[in-house]
Amino acid sequence: MKKTIIYILLFALVFSLTGCAGNVEPVHISVDITPDVEVATSTPVPTPTQTATPTPEPTPAEEVSVYVEDLDYEDGDSTIYFSQWEFPTRKLQFTIGGQSYNKGIGMYVKSSRMQEGEGSVSFIWNLDKDYHRISFDMGCEKTLQYDVEKKYGTYNVSVFADNTKLWESGFNDYSHEEIEKSIDIPEGSEKLIIMLTEKRGELGTLNVILGSFKAYYYK
């Protein structure tokens with residue numbers, strides 16, 4: 001009897017479970033089977049920085065010049081030479097420190113012009129208010145002194161515009177040189193005056209050169 005009841009209960013349980021199973025909706029499980037793919041990250045290319053191009057500075061206009069010896073020579077002592085030394089027996093190119101010049105002036109003071117061993121000569125050119133500066137190389141012609149230059153005294157070169165002294169070299173011996181010396185000329189100047197003063201040495205005076213002697217026009 002007991003076995004019969006147990007069978008009836010088991011049957012009822014199985015039937016109940018079977019009936020419930022028919023009402024259960026299937027569960028859909030979505031599985032992502034997409035394989036893991038590593039996406040390469042591209043390195044951003046930097047944008048080139050634009051550098052501003054500097055504006056080139058304007059090239060200064062070249063100064064227009066004329067050799068002073070080609071200006072209107074107004075007056076001066078006879079002891080001036082243009083472009084070269086000219087002696088009764090020969091001509092000699094101007095030379096300063098081994099540099100030869102095709103243009104320039106050479107000058108000296110005659111012993112007969114000396115008073116107590118010192119004398120001066122002056123040379124005048126017309127500027128006509130057209131020029132604002134001059135330039136030259138200054139030195140002594142050593143080829144004329146035959147290696148005894150120390151016995152030829154000293155010299156001083158002074159530069160004037162009209163009555164105004166613009167520059168002077170001071171007294172120097174045969175070894176002194178001024179290369180590419182530039183001197184401003186006051187506006188409105190009409191006359192350029194070069195004065196050479198020499199102190200006589202045992203054997204005489206020095207032969208002084210202003211090589212490549214130029215005057216520059218106003219721009």
Side-chain angles (χ1 to χ4, degrees), residues 66-127 131 134-181 183 185 189-215:
V66 61
Y67 288 106
V68 170
E69 65 200 82
D70 296 329
L71 295 177
D72 180 22
Y73 180 59
E74 182 175 298
D75 192 18
D77 195 85
S78 61
T79 56
I80 186 170
Y81 296 84
F82 301 102
S83 299
Q84 61 183 358
W85 301 109
E86 295 186 24
F87 303 107
T89 59
R90 61 172 176 162
K91 295 180 180 180
L92 185 67
Q93 193 172 25
F94 294 148
T95 304
I96 300 175
Q99 172 68 45
S100 297
Y101 298 84
N102 294 319
K103 288 288 189 177
I105 65 170
M107 51 191 173
Y108 69 94
V109 180
K110 291 181 178 179
S111 296
S112 59
R113 299 288 298 270
M114 297 282 179
Q115 294 183 1
E116 298 181 357
E118 184 175 327
S120 298
V121 289
S122 296
F123 311 97
I124 305 173
W125 290 267
N126 289 318
L127 294 177
Y131 306 93
I134 59 172
S135 69
F136 52 78
D137 294 347
M138 184 185 75
C140 292
E141 182 65 69
K142 298 177 183 179
T143 59
L144 297 174
Q145 268 65 61
Y146 307 104
D147 296 326
V148 290
E149 296 95 336
K150 291 182 180 180
K151 296 184 179 182
Y152 282 86
T154 57
Y155 72 96
N156 175 51
V157 173
S158 301
V159 178
F160 297 82
D162 298 330
N163 295 319
T164 302
K165 181 186 287 188
L166 305 179
W167 177 81
E168 67 175 350
S169 65
F171 279 95
N172 299 287
D173 64 13
Y174 73 99
S175 64
H176 182 76
E177 296 176 0
E178 295 272 357
I179 304 302
E180 296 184 357
K181 180 64 183 179
I183 302 170
I185 302 296
S189 297
E190 297 184 346
K191 306 290 183 184
L192 172 65
I193 304 167
I194 301 296
M195 177 183 289
L196 172 65
T197 302
E198 294 198 88
K199 293 180 180 180
R200 191 180 189 280
E202 180 183 337
L203 298 178
T205 58
L206 294 165
N207 296 75
V208 180
I209 300 167
L210 300 184
S212 192
F213 190 11
K214 296 179 181 180

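Counting begins at 1 with the first residue of the sequence. What's counted below: heavy atoms across the whole structure, side chains too, no hydrogens, waters or symmetry copies.
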Checklist entry - After noting the C-alpha distance and the side-chain angles of W125 and E74, does the key distance pass the side-chain contact (heavy atoms from CB on, under 4.5 Å) rule? => result CA-CA 5 Å; W125 290 267; E74 182 175 298; over 6 Å; no
Item to check | Rounded distance [0.5 Å steps], CD1 in I105 versus CD1 in I209 | outcome: 10.0 Å
Checklist entry - Checking E168 side chain against V157 main chain: does a donor-acceptor pair fall under 3.5 Å? => result no
Checklist outcome for this item: What one should report as the nearest heavy-atom pair of A215 and L71 is CB-CD1, 4.3 Å
Item to check | Minimum-distance pair of heavy atoms, taken over all atoms of E69 and G104 | outcome: OE1-N, 2.6 Å
Checklist entry - Going through the distances and angles, do I124 and I194 end up as a side-chain contact (heavy atoms from CB on, under 4.5 Å)? => result CA-CA 7 Å; I124 305 173; I194 301 296; over 6 Å; no
Item to check | Heavy-atom check, side chain of K181 versus side chain of S169, under 4.5 Å | outcome: no
Checklist entry - Between NE2 of H176 and CG of N156, what distance do you get to the nearest 0.5 Å? => result 9.5 Å
Item to check | Interatomic distance, T154 atom OG1 to K199 atom NZ [nearest 0.5 angstrom] | outcome: 5.5 Å
Checklist entry - Any donor-acceptor pair under 3.5 Å linking the side chain of E198 with the backbone of G119? => result no
Next on the checklist: Strictly distance-based, threshold 3.5 Å: is any side-chain N or O of E86 a donor or acceptor partner for the main-chain N or O of K91?
Outcome noted: no
Checklist entry - For V109 and T197, what are the C-alpha separation, side-chain angles and deciding distance, and is it a side-chain contact (heavy atoms from CB on, under 4.5 Å)? => result CA-CA 7 Å; V109 180; T197 302; over 6 Å; no
Next on the checklist: Taking the side chain as everything from C-beta on, heavy atoms only, tell me whether S135 gets closer than 4.5 Å to E180.
Outcome noted: no
Checklist entry - If you measure only the distance, is there a donor-acceptor pair under 3.5 Å linking the side chains of T79 and D77? => result yes
Next on the checklist: For Y81 and Y108, take the angle between the two ring planes, folded into 0 to 90°, and tell me which bin it lands in: parallel under 30, tilted 30 to 60, perpendicular over 60.
Outcome noted: parallel
Item to check | Flag, side chain of Q84 to backbone of N102, donor-acceptor distance under 3.5 Å | outcome: no
Next on the checklist: Between K103 and D70 (salt bridge meaning N to carboxylate O under 4.0 Å), is one present in this structure?
Outcome noted: yes
Checklist entry - With a 4.5 Å limit on heavy-atom distance, are the side chains of Y73 and F82 in contact? => result yes
Checklist entry - Mind checking whether F87 and W85 have parallel, tilted or perpendicular rings, split at 30° and 60°? => result parallel
Next on the checklist: Can you confirm whether I185 sits close enough to I134 that some side-chain heavy atom of one is under 4.5 Å from a side-chain heavy atom of the other?
Outcome noted: yes
Checklist entry - Between D137 and S212, is a side chain to side chain donor-acceptor pair (under 3.5 Å) present by the stated rule, with each step listed? => result CA-CA 7 Å; D137 294 347; S212 192; 6.0 Å; no
Checklist entry - So, does D162 use its side chain to make a donor-acceptor pair with the main chain of T164 at under 3.5 Å? => result no
Item to check | Approximate separation, where rounding is to 0.5 Å, of I80 CD1 and F123 CZ | outcome: 4.5 Å
Item to check | Distance in Å, K151 NZ paired with D173 CG, rounded so as to fall on 0.5 Å steps | outcome: 15.0 Å
Item to check | Check: F94 ring centroid to Y101 ring centroid under 6.0 Å | outcome: no
Item to check | Donor-acceptor contact below 3.5 Å, side chain N172 vs main chain E177 | outcome: no
Checklist outcome for this item: side-chain hydrogen bond (donor to acceptor under 3.5 Å, both in side chains) with K191: of N126, N163, D75, only one passes, and it is N126
Item to check | Value rounded to 0.5 Å, distance of CG in L206 from NZ in K142 | outcome: 10.5 Å
Next on the checklist: Which heavy atom of Y155 sits nearest to which heavy atom of M138, and what is that distance?
Outcome noted: OH-CE, 3.8 Å
Checklist entry - Are E118 and R200 close enough for a salt bridge, meaning some N to O gap below 4.0 Å? => result no
Item to check | Within-4.5 Å side-chain heavy-atom neighbours: V68 and L210 | outcome: no
